[in-house]
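Let me begin by presenting the structure, written as structure tokens, before commenting on it.
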Amino acid sequence: MPASPSPSPSRLRALRRPLFLLLLHLVAGYFTASASAAGELRQVVESGADDGPFFEPFNVTYDHRAVRIGGQRRMLVSAGVHYPRATPDMWPSIIAKCKEGGADVIETYIFWNGHEPAKGQYYFEERFDLVRFVKLVAAEGLFLFLRIGPYACAEWNFGGFPVWLRDIPGIEFRTDNEPYKAEMQTFVTKIVDMMKDEKLYSWQGGPIILQQV
Ligand SMILES: *[C@@H]1O[C@H](CO)[C@@H](O)[C@H](O)[C@H]1NC(C)=O
């Protein structure tokens, strides 16, 4: 069939919603950006300290309009830094550049296949030293948005799924499937416990303000 010369009315209607949302996003950004200067980061350590606590413990909530950090509405500018895509030596300068560029938050996925290359065998060294990365973010006075996945939509092999996951009997990815959910729960729990043990959540004086599964 020949392509139609102009978009049909239904296609135009379909476009309207994303355009409206984009506009809303920009307008909201404009109004909230001015408020962000008021919200101080609650840093309690001199920069250079690398083992925490990094902040006075604070809670994160939200209302109909905004995320609230320690009770204050905040406009948060977030920069994506995928830790295994650089070496640990490079992390401090990358994080510092994000801060210079105006970021309040570093967001990163967690890459399951890097952390559990064989079932039950975990790896958290070198480029996969997640705890070190999170502490460097905190030492720079920035917040962290932990995107645990377990699926990583980030041009990463197999969406971050370890290849062994494919061989679990009866598994179906990214859906309401018991074998999948069981493996996912094991990994997500592992990461959350690790962050908790290292006191990296905001209520523990750490930088993690948001977490996405
Ligand atoms: C955070 O919330 C918990 C649970 O409501 C509360 O016990 C704690 O005191 C709060 N912490 C701060 C710093 O407000």
Side-chain angles (χ1 to χ4, degrees), residues 25 28-83 91-92 94-112 115 122 124 128-152 176 181-213:
H25 199 74
Y30 176 79
F31 282 110
T32 42
S34 51
S36 76
E40 292 291 305
L41 297 187
R42 307 171 145 215
Q43 199 171 1
V44 290
V45 294
E46 281 100 68
S47 63
D50 59 4
D51 219 26
F54 299 95
F55 304 94
E56 232 166 280
F58 61 99
N59 283 330
V60 178
T61 56
Y62 62 94
D63 59 25
H64 64 286
R65 221 181 134 222
V67 173
R68 302 180 80 114
I69 305 285
Q72 274 183 305
R73 281 181 178 153
R74 285 289 308 270
M75 163 72 177
L76 297 167
V77 175
S78 161
V81 179
H82 296 162
Y83 54 98
W91 290 342
I94 292 173
I95 295 164
K97 285 189 184 88
C98 292
K99 188 178 183 180
E100 274 171 39
D104 308 290
V105 186
I106 301 292
E107 65 90 351
T108 183
Y109 271 120
I110 307 295
F111 299 93
W112 187 358
H115 290 299
Y122 294 102
F124 288 93
F128 289 92
D129 192 346
L130 175 62
V131 167
R132 178 166 167 195
F133 179 76
V134 175
K135 286 183 175 177
L136 285 169
V137 169
E140 197 58 73
L142 297 179
F143 297 136
L144 192 110
F145 175 15
L146 197 66
R147 306 177 66 198
I148 301 181
Y151 175 75
D176 188 6
K181 286 191 294 182
E183 291 303 330
M184 172 177 165
Q185 181 167 0
T186 306
F187 181 69
V188 170
T189 304
K190 167 106 188 155
I191 296 295
V192 169
D193 286 347
M194 181 180 274
M195 297 297 110
K196 226 190 274 179
D197 289 348
E198 296 283 345
K199 298 193 174 16
L200 293 174
Y201 287 102
S202 73
W203 45 272
Q204 302 174 299
I208 301 173
I209 55 165
L210 297 167
Q211 169 167 282
Q212 176 186 8
V213 174

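Just follow the structure's listing: the first ligand is 1, and inside any ligand the first atom is 1.
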Validation row: I95, F133 side chains within 4.5 angstrom (heavy atoms): yes
Distance in Å, D104 CG paired with I69 CD1, rounded so as to fall on 0.5 Å steps: 9.0 Å
Contact residues of ligand 1 (heavy atom under 4.0 Å), by chain and number: P57, N59
Heavy-atom side-chain contact between Y122 and M194 under 4.5 Å: no
Check: D129 and Y83 side chains under 4.5 Å, non-hydrogen atoms: no
Side chain proximity check, H115 to K190, heavy atoms < 4.5 angstrom: no
F111 ring center within less than 6.0 Å of F128 ring center: no
